[in-house]
J.: 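Following this message is one structure expressed as structure tokens.
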Amino acid sequence: MKTEVNLCGIKMKNPVTVASGTFGYGREYDEYIDLNKLGGIITKGTSLKLRPGNKPPRICEVPGGMLNSIGLQNPGVEYFAEKDLPWLRKFDTKIIVNACGSTIEEYVELCKILNTLDIDGVELNLSCPNVKAGCLAFGTSYEGVKEVTSQVRKVLTDKPLIVKLTPNVTDITAPAKGAEDAGADGVSGINTLLGMKIDIDKRRPVLANNTGGYSGPGIRAVGVRAVYQMAQAVNIPVLGMGGIMNGDDAIEYMLAGATAVSIGAGNFVDPETSIKTIEGIENYMKKHNIDDINSIIGTVQMN
Amino acid sequence: MGVKVNCELVKKEVVAEGIYKFTVKAPAIASKAKAGQFLEIKVSKTGAPFLRRPISIYNICKEEGLVEFIFQVKGEGTKLLAEENVGAEIDIMGPLGNGSFDISDYKKVAIIGGGIGTYPLHELAKELNEKSDVTVYMGFRNKDLVTLEDEFAKVSNRLVITTDDGSYKEKGFAINFLKEDCKKEKPDMIYACGPLPMLKAVREFALEENIPCQVSLEERMGCGIGACLGCAIKIISGEEPRFGHVCKDGPVFNAKDVEI
Ligand SMILES: Cc1cc2nc3c(=O)[nH]c(=O)nc-3n(C[C@H](O)[C@H](O)[C@H](O)COP(=O)(O)OP(=O)(O)OC[C@H]3O[C@@H](n4cnc5c(N)ncnc54)[C@H](O)[C@@H]3O)c2cc1C
Ligand SMILES: Cc1cc2nc3c(=O)[nH]c(=O)nc-3n(C[C@H](O)[C@H](O)[C@H](O)COP(=O)(O)O)c2cc1C
Ligand code: FES
């Protein structure tokens with residue numbers, strides 16, 4: 001049985017990665033699971049310089065999942081390269097860095113550094129709903145995505161470049177095409193959906209940031225639809241995510257067109273969700289006599 | 001280092017209306033647990049509600065491999081948990097938190113708790129009581145909410161119980177009795193857990209009087225282990241304020257290091 005996939009040049013032992021921002025730099029989950037079993041680890045959103053993040057409360061629960069407004073708290077790329085990357089490299093899994101910035105210049109400076117590091121790929125975050133500048137400002141239009149991606153592409157010459165997109169748009173195929181036309185090697189999504197929860201006693205939003213990104217099983221249907229549309233629209237591989245809790249959910253994304261998948265908030269419910277997803281994919285393959293997982297990618301038959 | 005285990009619920013007690021004490025068999029957690037640490041408990045088998053619930057450790061029996069926690073039914077999650085019966089398997093991650101209570105050889109200590117915030121202080125009092133002179137101050141809103149009086153009496157040299165309305169024992173806020181006692185003799189350390197207004201007042205008092213003080217804090221959690229950065233709290237001990245995390249850096253902090 002073959003579970004290896006090639007995500008735009010990143011050869012992974014299986015299609016299961018952990019989603020950015022839900023797995024830190026891996027250390028915390030090392031206590032609970034064998035990181036060597038993962039296809040890949042996507043790091044938390046990392047910027048050129050340290051970012052303090054948003055005020056608490058940063059998290060609240062909603063039907064089908066949760067809202068978060070972390071605000072990309074991270075120690076900056078230099079700290080990551082010095083302290084976390086050497087540790088992560090001890091494991092037999094692919095390391096993809098989620099890159100974020102507030103201006104095009106910042107994305108470019110950051111990716112110049114990432115180009116020199118011992119990493120397997122970059123996921124360009126053009127889709128965080130929780131920061132005032134950058135990200136979403138570029139991520140919602142064909143032109144915006146094309147502009148940032150092509151600037152980044154010029155300096156990120158040695159690593160696969162995946163552009164992570166937001167579902168908070170009218171038509172997700174537009175930014176996906178922008179990424180492809182600018183030379184991206186792949187696209188990923190979905191990032192979180194913008195949401196809000198109000199405390200009816202206090203008559204105020206629960207999150208200090210008022211709004212936050214919705215993730216969890218409640219967004220899976222949106223994710224599957226978006227991945228299907230992106231896969232139809234572009235000729236580069238798609239990394240699919242949004243509400244994956246087990247192998248069946250992962251298969252659904254792959255049928256829709258995802259070459260690989262990411263587990264996000266599912267890690268919080270059970271630190272073993274990623275491992276169980278890998279097992280679930282294998283069980284599905286056995287049950288349906290599938291020798292090579294690649295043979296199912298994008299094979300959904302539309303009605 | 002925490003573990004994730006399915007633990008058998010071996011004893012279920014109703015402490016007061018809507019407040020339950022669970023005893024679970026969890027040797028892997030009991031052997032490592034320290035006073036002040038907490039658990040992340042899976043409350044749903046269907047996936048709704050979604051997240052685990054953080055609950056503090058009330059008591060640890062290392063020899064028997066038992067862990068006890070007490071919780072109040074607040075919403076959907078704790079309601080589901082309260083429906084579990086003896087014999088059930090509960091999915092628990094723990095012990096969590098790197099900041100636990102400082103159990104040094106103090107001569108005299110004061111422990112102050114308010115409402116359900118008293119529970120995390122029991123294991124602490126138990127361990128300190130072996131070597132220190134322990135006074136416990138417990139504040140409740142009224143008589144009906146007073147819980148665990150006997151349990152705390154056993155693990156302290158002196159127990160002061162207050163109710164806001166005077167319907168049981170002393171009338172007033174627990175902190176006022178602590179302040180009064182400090183005029184005679186200051187403790188070497190104050191430990192506090194409870195509602196934010198109480199924690200604020202205790203912190204302020206301890207800083208004014210220059211008494212070392214530890215507080216146990218709460219914040220909404222995603223992962224419970226330091227990965228999601230959800231449970232932020234402002235740390236003011238360094239040159240510049242920064243956000244630390246309750247689940248990883250706490251839940252127990254030195255009062256002077258945090259903004260409450
Ligand atoms: C470190 C820590 C230790 C705790 N120890 C205890 C304890 O020993 N006994 C006890 O009764 N309670 C304790 N709590 C509070 C307890 O976690 C909440 O009462 C519980 O999560 C409420 O869940 P619910 O589904 O019943 O309520 P809901 O209000 O429906 O919960 C909705 C969401 O908000 C979160 N939430 C609600 N209240 C709190 C809170 N005060 N702190 C953090 N998250 C909250 C829930 O976890 C859930 O994700 C502790 C909280 C923390 C952070
Ligand atoms: C707490 C939290 C933090 C996140 N941080 C990031 C981030 O830094 N960068 C990013 O591209 N996506 C981030 N995301 C989005 C996830 O990577 C993922 O796209 C989204 O949560 C959908 O997947 P899920 O439903 O499986 O969680 C974050 C999500 C959560 C829940
Ligand atoms: S709950 Fe995730 S970092 Fe504290």
Side-chain angles (χ1 to χ4, degrees), chain A residues 18-33 41 43-45 50-75 197 206-209 212 214-218 243 245-246 264-273, chain B residues 1-6 28 32 40-54 74-78 91-98 196 217-235 238 240-248 250 258-260:
Chain A
V18 283
S20 177
T22 65
F23 211 76
Y25 292 116
R27 288 180 196 272
E28 291 80 17
Y29 283 98
D30 178 42
E31 296 179 17
Y32 294 90
I33 62 170
I41 293 175
T43 70
K44 85 170 109 187
L50 172 149
R51 287 186 81 121
N54 291 334
K55 272 198 243 144
R58 293 178 174 183
I59 274 188
C60 71
E61 209 178 30
V62 292
M66 59 183 280
L67 302 182
N68 89 79
S69 64
I70 309 297
L72 299 175
Q73 177 173 9
N74 81 91
K197 180 171 169 67
V206 175
L207 296 176
N209 193 43
Y214 181 22
S215 66
M245 301 300 290
N246 55 45
N267 293 305
F268 307 157
V269 178
D270 182 349
E272 291 159 5
T273 298
Chain B
M1 283 262 286
V3 292
K4 184 183 99 91
V5 274
N6 281 325
K32 299 185 209 167
E40 272 274 56
I41 304 177
K42 196 161 173 214
V43 290
S44 160
K45 301 207 164 49
T46 61
F50 187 63
L51 295 168
R52 287 171 182 262
R53 297 295 188 260
K74 278 276 171 89
E76 194 58 34
T78 44
D91 176 346
I92 300 180
M93 288 167 70
L96 303 177
N98 293 315
L196 281 183
L217 301 179
E218 291 181 2
E219 187 50 68
R220 280 159 197 272
M221 294 190 174
C223 66
I225 59 175
C228 74
L229 310 187
C231 59
I233 169 104
K234 200 173 249 181
I235 307 276
E240 269 180 54
R242 64 177 181 93
F243 285 118
H245 298 94
V246 171
C247 72
K248 198 177 180 186
V258 287
E259 193 180 278
I260 301 180

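Chain A is the first sequence line, chain B the second, and so forth, proteins listed ahead of strands; every chain is numbered from 1. Small disclaimer: the values here were computed from a predicted structure and weren't measured.
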J.: Select one option (side chain, backbone, both, neither) describing which atoms of Tyr32(A) are under 4.5 Å from chain B's heavy atoms.
T.: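 For Tyr32(A), side-chain heavy atoms alone lie under 4.5 Å from chain B.
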J.: With a 4.5 Å cut-off on heavy-atom pairs, point out which of Asn68(A), Leu50(A), Asn54(A) contacts chain B the most.
T.: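 Result: the option with the highest number of such pairs is Asn54(A).
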J.: For Ala232(B), is it the side chain, the backbone, both or neither that has a heavy atom under 4.5 Å from a heavy atom of chain A?
T.: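 Contact with chain A involves both backbone and side-chain atoms of Ala232(B).
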J.: List the atom of Ile70(A), the atom of Leu229(B), and the distance in Å for their closest heavy-atom pair.
T.: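 Looks like CD1-O, 3.6 Å.
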J.: In Å and rounded to the nearest 0.5 Å, what is the CD to CG distance from Glu40(B) to Asp270(A)?
T.: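 If we round to the nearest 0.5 Å, Glu40(B):CD and Asp270(A):CG are 12.0 Å apart.
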J.: Search all heavy atoms of Phe50(B) against all heavy atoms of Gly216(A) and return the closest pair with its distance.
T.: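 In terms of heavy atoms, the two residues are closest at CZ-CA, 4.1 Å.
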J.: Taking C-beta and beyond as the side chain, do Arg52(B) and Val269(A) meet within less than 4.5 Å on heavy atoms?
T.: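 Side chain of Arg52(B) against side chain of Val269(A), heavy atoms only: no contact under 4.5 Å found.
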J.: For residues 22-33 of chain A, pull every pair meeting salt bridge (charged side-chain N to carboxylate O under 4.0 Å, His left out), keeping only residues two or more places apart or in separate chains.
T.: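 Qualifying pairs, neighbours excluded: Arg27(A)-Asp84(A), Glu28(A)-Lys248(B).
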J.: Kindly compute the distance separating CD1 (Ile59(A)) from SG (Cys228(B)), expressed to the nearest 0.5 Å.
T.: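 With rounding to 0.5 Å, CD1 (Ile59(A)) is 4.0 Å from SG (Cys228(B)).
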J.: Tell me the closest heavy-atom pair linking Pro56(A) and Phe243(B), and the distance in Å.
T.: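 Nearest pair, atom of Pro56(A) first, then Phe243(B): CD-CE2, 3.6 Å.
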J.: Tell me, with the steps shown, if Arg220(B) and Met66(A) meet side-chain contact (heavy atoms from CB on, under 4.5 Å).
T.: CA-CA 11 Å; Arg220(B) 280 159 197 272; Met66(A) 59 183 280; over 6 Å; no
J.: Just verifying a value: how many Å separate Ile33(A) CD1 and Lys4(B) NZ, rounded to the nearest 0.5 Å?
T.: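 Between Ile33(A) CD1 and Lys4(B) NZ, I get 11.5 Å after rounding to 0.5 Å.
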J.: Hey, could you give me each pair passing salt bridge (charged side-chain N to carboxylate O under 4.0 Å, His left out) that has a residue in residues 58-73 of chain A? Not counting sequence neighbours.
T.: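 For residues 58-73 of chain A, and leaving out neighbouring residues, the salt bridge (charged side-chain N to carboxylate O under 4.0 Å, His left out) pairs sorted by first residue read Glu61(A)-Arg53(B).
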J.: What do you reckon, is NZ of Lys197(A) surrounded by more than 12 foreign heavy atoms closer than 6.0 Å?
T.: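 At most 12 heavy atoms, drawn from other residues, nucleotides or ligands, come within 6.0 Å of this atom.
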J.: Under 4.5 Å heavy-atom distance to chain A, tell me which part of Met221(B) shows up: side chain, backbone, both or neither.
T.: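 Met221(B) touches chain A through backbone heavy atoms alone.
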J.: Is the shortest side-chain heavy-atom distance between Arg242(B) and Pro52(A) below 4.5 Å?
T.: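 Side chain of Arg242(B) against side chain of Pro52(A), heavy atoms only: no contact under 4.5 Å found.
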J.: Using heavy-atom distances under 4.5 Å, tell me whether Ile41(B) contacts chain A through its side chain, its backbone, both, or neither.
T.: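 When you check distances to chain A, no heavy atom of Ile41(B) falls under 4.5 Å.
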J.: Which heavy-atom pair separates Phe268(A) from Gly222(B) by the least distance, and what is that distance?
T.: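 Minimum heavy-atom separation between Phe268(A) and Gly222(B): CB-O, 3.5 Å.
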